[in-house]
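All figures in this text were calculated on a predicted structure; none of them were measured in a lab.
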Amino acid sequence: MTHKRIVLKVPGLEHMHPIPLATRMGSLLVTGPISGKDPETGETGVDLESECALMFANLPRIMEAAGGSIDDIIKLSVWLEGDDKTHLNKEWLAMFPDVESRPVRHTFQNQDLPQNYRVQCEITAVFEDAKE
């Protein structure tokens with residue numbers, strides 16, 4: 001079975017380079033980097049706490065554009081400046097409070113995030129129905 005690639009767009013979350021924010025093919029969704037950026041203003045959070053909050057606020061926007069919800073996320077890969085996961089874990093637990101129904105997460109330390117971001121993530125999601 002051949003699936004058509006669907007490029008997702010979320011106003012205010014576009015990348016600077018000619019790379020899609022996210023691509024869905026059949027039941028699989030994969031994103032590029034998702035930042036702690038306000039899609040209305042284009043502004044980045046002023047500190048790690050606000051940047052984590054904005055990044056997590058962008059996840060439902062992307063999942064809705066893909067035709068799903070955060071419940072369809074199976075993995076979150078996170079790149080974090082430094083090793084303090086306090087604010088990351090706060091937002092993680094707020095979005096995924098059920099320990100029996102959380103996606104997996106892998107967090108990498110990265111001091112060289114682009115555009116002075118302090119945190120970025122990527123989503124892998126699987127949908128029950130494949131939309132063409």
Side-chain angles (χ1 to χ4, degrees):
M1 171 190 260
T2 303
H3 295 285
K4 179 181 175 190
R5 180 179 297 130
I6 300 167
V7 172
L8 299 173
K9 297 175 183 155
V10 177
L13 298 182
E14 303 89 356
H15 289 278
M16 291 176 21
H17 302 288
I19 302 166
L21 171 66
T23 302
R24 180 169 176 178
M25 188 175 280
S27 61
L28 180 65
L29 171 78
V30 179
T31 71
I34 302 165
S35 301
K37 173 172 93 168
D38 184 326
E40 300 292 322
T41 66
E43 297 294 319
T44 303
V46 296
D47 54 19
L48 181 58
E49 182 176 15
S50 60
E51 209 168 311
C52 283
L54 284 166
M55 182 182 75
F56 274 89
N58 287 330
L59 302 186
R61 292 179 177 108
I62 294 164
M63 294 308 297
E64 183 179 318
S69 74
I70 60 165
D71 294 333
D72 299 308
I73 298 172
I74 60 170
K75 182 175 184 183
L76 208 67
S77 297
V78 179
W79 287 265
L80 181 66
E81 180 182 79
D83 60 359
D84 183 359
K85 296 180 183 131
T86 304
H87 303 301
L88 178 66
N89 286 336
K90 174 185 169 194
E91 298 299 329
W92 172 261
L93 293 171
M95 183 157 286
F96 305 109
D98 183 357
V99 69
E100 300 298 326
S101 182
R102 282 187 191 134
V104 297
R105 185 181 91 194
H106 193 170
T107 304
F108 305 90
Q109 195 173 3
N110 187 343
Q111 306 298 44
D112 297 313
L113 290 168
Q115 300 176 353
N116 297 317
Y117 289 120
R118 297 169 192 91
V119 64
Q120 288 186 318
C121 72
E122 292 179 351
I123 295 172
T124 303
V126 176
F127 301 86
E128 287 189 37
D129 326 339
K131 292 184 181 178
E132 294 297 326

Grab the two heavy atoms, one from Y117 and one from E81, that are nearest each other, plus how far apart they are. O-OE2, 4.3 Å
Closest heavy-atom pair, P103 versus F96, reported as atoms and distance to 0.1 Å, is CD-CD2, 3.5 Å
Between S35 and N58, what is the shortest heavy-atom contact and its length? O-ND2, 3.1 Å
If only atom types and distance count, is the side chain of R118 paired as donor or acceptor with the main-chain N or O of L113 below 3.5 Å? no
Quick one: are E43 and L54 in side-chain contact, heavy atoms under 4.5 Å? no
Do K90 and E49 touch side chain to side chain, with heavy atoms closer than 4.5 Å? yes
Closest heavy-atom pair, P97 versus R102, reported as atoms and distance to 0.1 Å, is O-NH2, 3.4 Å
Distance-only, no hydrogens or angles: does the E14 side chain make a donor-acceptor pair with backbone N or O of G12 under 3.5 Å? yes
Where D72 and M63 come nearest, the two heavy atoms and their spacing: CB-CE, 3.8 Å
Ring-plane angle category for W79 and F108, please: parallel below 30°, perpendicular beyond 60°, tilted otherwise. parallel
Which heavy-atom pair separates D84 from L80 by the least distance, and what is that distance? O-CD2, 3.5 Å
The residue among R105, E122, H106 that forms side chain to side chain contact (heavy atoms under 4.5 Å, CB included) with K75 is H106
